[in-house]
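Encoded as structure tokens, the structure appears first; notes follow it.
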Amino acid sequence: MRGQAQSSGSRGLVGWGRIPPFEGAAMVDAEIRELAAHVGEVVRIQGWLYNKRSSGKLLFLVLRDGSGYVQAVVFRAGVEERVWAAAEALTQESSLRVTGTVKEDRRSPGGVEIEVADIETVALCPDYPISPKEHGVDFLLNNRHLWLRSKRQHAIMRVRNELVFGIREFFYTRHYVNIDSPILTPAACEGTSTLFETDYFGEKAYLSQSGQLYLEPAAAAHGKVYCFGPTFRAEKSKTRRHLMEFWMVEPEVAWMRFDALLDLAEEFVSELVARILDRCQQELAWLERDTSKLEPATSRPYPRIDYGDAVARLQHKGFPTQFGDDFGGDEETALADESGKPVMITRYPAAIKAFYMEPDPVDPSRALAVDMIAPEGYGEIIGGSERIGSYEKLEERIREHGLPRQAFEWYLDIRKYGGFPHSGFGMGIERVVSWLCGLSHLREAIPYPRMLNRLYP
RNA sequence: UCCGCAGUAGCUCAAUGGUAGAGCGUUCGGCUGUUAACCGAAGGGUUGGGGGUUCGAGUCCCUCCUGCGGAGCCA
């Protein structure tokens, strides 16, 4: 093998022997994730020191480079004195380049380790704030820019990345067109929620709380569309299920009726869960996620419960829920935990849903609306509906909700110029990441959480 | 906005109204296979701010600030 050093050295051979830095054997830059393919070779890793353990004449360096983690071993007798000194001086999160031979070793976490020949310290890290022990939430969030380097946070962001890619692939392969909605908007989308206000050259503008209204015109242009971007809610929510800024994916489909929408939501979620289980095994293991809790969500169908039945079930369980109420967190949890799968609650009273939702033809006091509730207390991950197709009906709803008609002229135009049935839903990314990863709070599901009283870093 | 909890070393937390403590991190020393390594030593404090009760306050009271959990609202 090329990596096996031929050099001797008066200090004697250890392991593969003393390896002269940058001479003799071929050396390649490698990412840690691909080290298993380089066993026996001399490679160079560029990264940071994650942790260090020493044992006299032996030093263990845990390196990370973003692609993974690997243990590097420095034998005092096997390297030049300056290399040993460099290794001893390394502090947590110092940046460095390590050259050495890749070896299989059962004692090493990951099965592969690097026998160090040379160390180039790029920058010593002084007093890294996040030690390998426990920390409080406030402290970690103040250091979110550094916390992202931690193994657990690394794993969560990998799952999020896989989810986002899965979402885009799901729609792309089904010939949906990505049409993004504006973030700066002139008026409230749904009228009720509190919006972040900003100055737009002397006019008031608001940060979008949903891309949906802008997506409906695009559905008339392309048939099947989706948007995917950040949305903003200025509600002073202080719960583990809320962020001020979160990401939402919203498909909107021309000619799709309510029942087909339910099928779409179900197919969407089940495929995404299966994808994560398949492709993020390592990450879920690091997160100690009990994946048996996710397995049921990979198979369809999901239970579909009529709102009226849901109320009856809750009352049977002892909740004080009345017909006409919206469900709280505990009620959602009780409904979803019956089957261990996400459940879809359908046909809510129109009074507690948005103005643009199509009335149920059987009972016009109900809306063709659906909420999908994730199990294990993760709450609503999807909210959707069939949209009102008729100009007159929408006009009436805008009036009933006391919305400024002028601001919705363009929205009414969709019904005026060739109205059509259409449906869509929105899915909150962080809630799904949170559920998949088994997080106890949404704040870990987004790189830089925006919460009440927190805008730093 | 409302209800509840908390703020002590860089970090996580102890401390009947009576001398301010531990673990981790840091520094120094030891150890040739560690897995959040371990062992020994050292350094590290205006107990969130202000006011009050008391011989004496980290501890009790008032007030403000900050954070956390929950409710409402929602994804």
Side-chain angles (χ1 to χ4, degrees), chain A residues 12 14-15 50-62 69-78 84 88-89 91-93 103 105-111 113 115 125-143 146-147 150-152 189-195 209-212 230-250 325-330 332 352-354 371-374 378-384 425-435 440-443 445-446 451-454:
Chain A
V14 177
Y50 192 69
N51 201 2
K52 184 172 82 171
R53 292 179 283 270
S54 70
S55 187
K57 304 292 180 281
L58 195 55
L59 255 164
F60 299 95
L61 308 174
V62 180
Y69 301 80
V70 70
Q71 174 169 287
V73 191
V74 190
F75 293 95
R76 182 165 201 169
W84 178 258
E88 278 200 306
T91 52
Q92 189 191 355
E93 287 305 320
K103 295 175 66 181
D105 195 311
R106 201 171 296 169
R107 294 167 295 188
S108 175
E113 69 181 17
E115 190 177 310
C125 172
D127 305 322
Y128 190 70
I130 302 179
S131 69
K133 289 278 182 175
E134 290 165 17
H135 297 284
V137 170
D138 188 41
F139 174 81
L140 288 171
L141 286 173
N142 283 332
N143 289 283
L146 303 176
W147 191 20
S150 301
K151 213 167 193 173
R152 178 182 163 81
C189 274
E190 306 187 13
T192 51
S193 291
T194 316
L195 300 174
Q209 59 167 336
S210 166
Q212 180 211 315
T231 53
F232 307 86
R233 306 278 165 93
E235 297 286 349
K236 295 197 171 181
S237 302
K238 287 184 69 174
T239 83
R240 67 184 67 197
R241 295 189 308 278
H242 291 88
L243 294 169
M244 305 298 113
E245 175 183 313
F246 65 97
W247 283 65
M248 189 155 65
V249 56
E250 296 172 277
D325 293 348
D326 209 346
F327 302 141
D330 291 347
E332 287 181 349
I352 57 171
K353 286 292 174 183
D371 282 357
M372 186 188 288
I373 317 291
Y378 286 96
E380 183 183 347
I381 51 173
I382 278 181
F425 64 77
M427 185 176 85
I429 299 307
E430 289 75 17
R431 286 203 181 161
V432 176
V433 171
S434 200
W435 169 44
S440 59
H441 200 299
L442 228 49
R443 64 191 163 214
I446 188 167
M451 301 185 297
L452 205 60
N453 305 322
R454 186 172 293 284

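Numbers restart at 1 for each chain; the letters A, B, ... are given by sequence-line order, proteins then strands.
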Taking only nitrogen or oxygen atoms into account, show me every contact under 3.5 Å that the protein makes with nucleotides 66-71 of chain B, one pair per line with its distance.
| unit_1 | atom_1 | unit_2 | atom_2 | d |
| --- | --- | --- | --- | --- |
| B:rG67 | OP1 | A:N453 | O | 2.9 |
| B:rC68 | N4 | A:K238 | NZ | 3.2 |
| B:rG69 | OP1 | A:H441 | NE2 | 3.3 |
| B:rG69 | OP1 | A:R443 | NH1 | 2.7 |
| B:rG69 | OP1 | A:R443 | NH2 | 3.2 |
| B:rG69 | O3' | A:R240 | NH2 | 3.4 |
| B:rG70 | OP1 | A:R240 | NE | 2.1 |
| B:rG70 | OP1 | A:R240 | NH2 | 2.6 |
| B:rG70 | OP2 | A:R240 | N | 3.1 |
| B:rG70 | N7 | A:K238 | O | 3.2 |

Show me the protein contacts with nucleotides 27-31 of chain B, counting only N or O atoms at under 3.5 Å.
| unit_1 | atom_1 | unit_2 | atom_2 | d |
| --- | --- | --- | --- | --- |
| B:rC31 | N3 | A:G56 | N | 3.1 |
| B:rC31 | N4 | A:S54 | OG | 3.3 |
| B:rC31 | N4 | A:G56 | N | 3.4 |

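Comparing the P positions of B:rG4 and B:rC64 gives an interatomic distance of 15 Å, to the nearest angstrom. Using P as the reference atom, B:rG51 and B:rG10 are 24 Å apart when rounded to the nearest Å. B:rU16 and B:rA57 have their C1' atoms separated by 14 Å, with the value rounded to a whole Å. Going from the P atom of B:rA36 to that of B:rC24 covers 15 Å, rounded to whole Å. Separation of the C1' atoms belonging to B:rU53 and B:rA42 is 41 Å when rounded to the nearest angstrom. The gap from the C1' atom of B:rG23 to that of B:rG44 amounts to 14 Å, rounded to the nearest Å. Look at the C1' atom in both B:rA41 and B:rU47: the space between them is 27 Å, to the nearest Å. Nucleotides B:rU12 and B:rG52, compared at atom C1', are 32 Å apart to the nearest Å.
Partners of A:R53 according to the salt bridge (charged side-chain N to carboxylate O under 4.0 Å, His left out) rule, which considers only residues two or more places apart in sequence or in another chain, do not exist here. Residues passing the side-chain contact (heavy atoms from CB on, under 4.5 Å) test with A:R107 are A:D105, sequence neighbours excluded. Shown here are the side-chain contact (heavy atoms from CB on, under 4.5 Å) partners of A:K238, two or more places apart in sequence or in another chain: A:L452. In this view, A:F139 and A:H135 satisfy the ring-ring contact (aromatic ring centres under 6.0 Å, His included) rule, not counting sequence neighbours. Applying the salt bridge (charged side-chain N to carboxylate O under 4.0 Å, His left out) criterion to A:D326, with sequence neighbours excluded, gives no partner residue. Remark: A:F232 pairs with no residue by the ring-ring contact (aromatic ring centres under 6.0 Å, His included) rule, at least two apart or across chains. Remark: A:E430 pairs with A:R160, A:L243, A:F246, A:W247, A:L442, A:A445, A:I446 by the side-chain contact (heavy atoms from CB on, under 4.5 Å) rule, at least two apart or across chains. In this structure, the salt bridge (charged side-chain N to carboxylate O under 4.0 Å, His left out) partners of A:E93, at least two apart in sequence or on a different chain, are A:R64, A:R149. For A:A89, the side-chain contact (heavy atoms from CB on, under 4.5 Å) test picks out no residue, with sequence neighbours left out.
Within 6.0 Å of the NZ atom in A:K151, the count of heavy atoms belonging to other residues, nucleotides or ligands exceeds 12.
Side chain to side chain, A:S54 and A:E88 fail the donor-acceptor criterion of an N or O pair below 3.5 Å.
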Pairing string, 5' to 3', for RNA chain B - Watson-Crick or wobble contacts under 3.5 Å, brackets [ ] where pairs cross, | to another strand: (((((((..((((....[..)))).(((((.......))))).....(((((..]....))))))))))))....
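Backbone-only contact: A:I382 has heavy atoms under 4.0 Å from sugar-phosphate atoms and none from a base. At the heavy-atom level, A:D371 lies nowhere under 4.0 Å from the strands shown. Residue-level contact check: A:E430 touches neither bases nor backbone, having no heavy atom under 4.0 Å from any strand.
Heavy-atom distances to RNA chain B give each of A:L58 and A:D127 a nearest nucleotide, and the one nearer the 5′ end belongs to A:D127. The 5' end of RNA chain B is approached more closely, in terms of each residue's nearest nucleotide, by A:F60 than by the other of A:F60 and A:M372.
If you check distances only, the side chain of A:H242 does reach the base of B:rC74 with a donor-acceptor pair under 3.5 Å.
Here the side chain of A:R233 pairs a donor or acceptor atom with the backbone of A:Q209 at under 3.5 angstrom.
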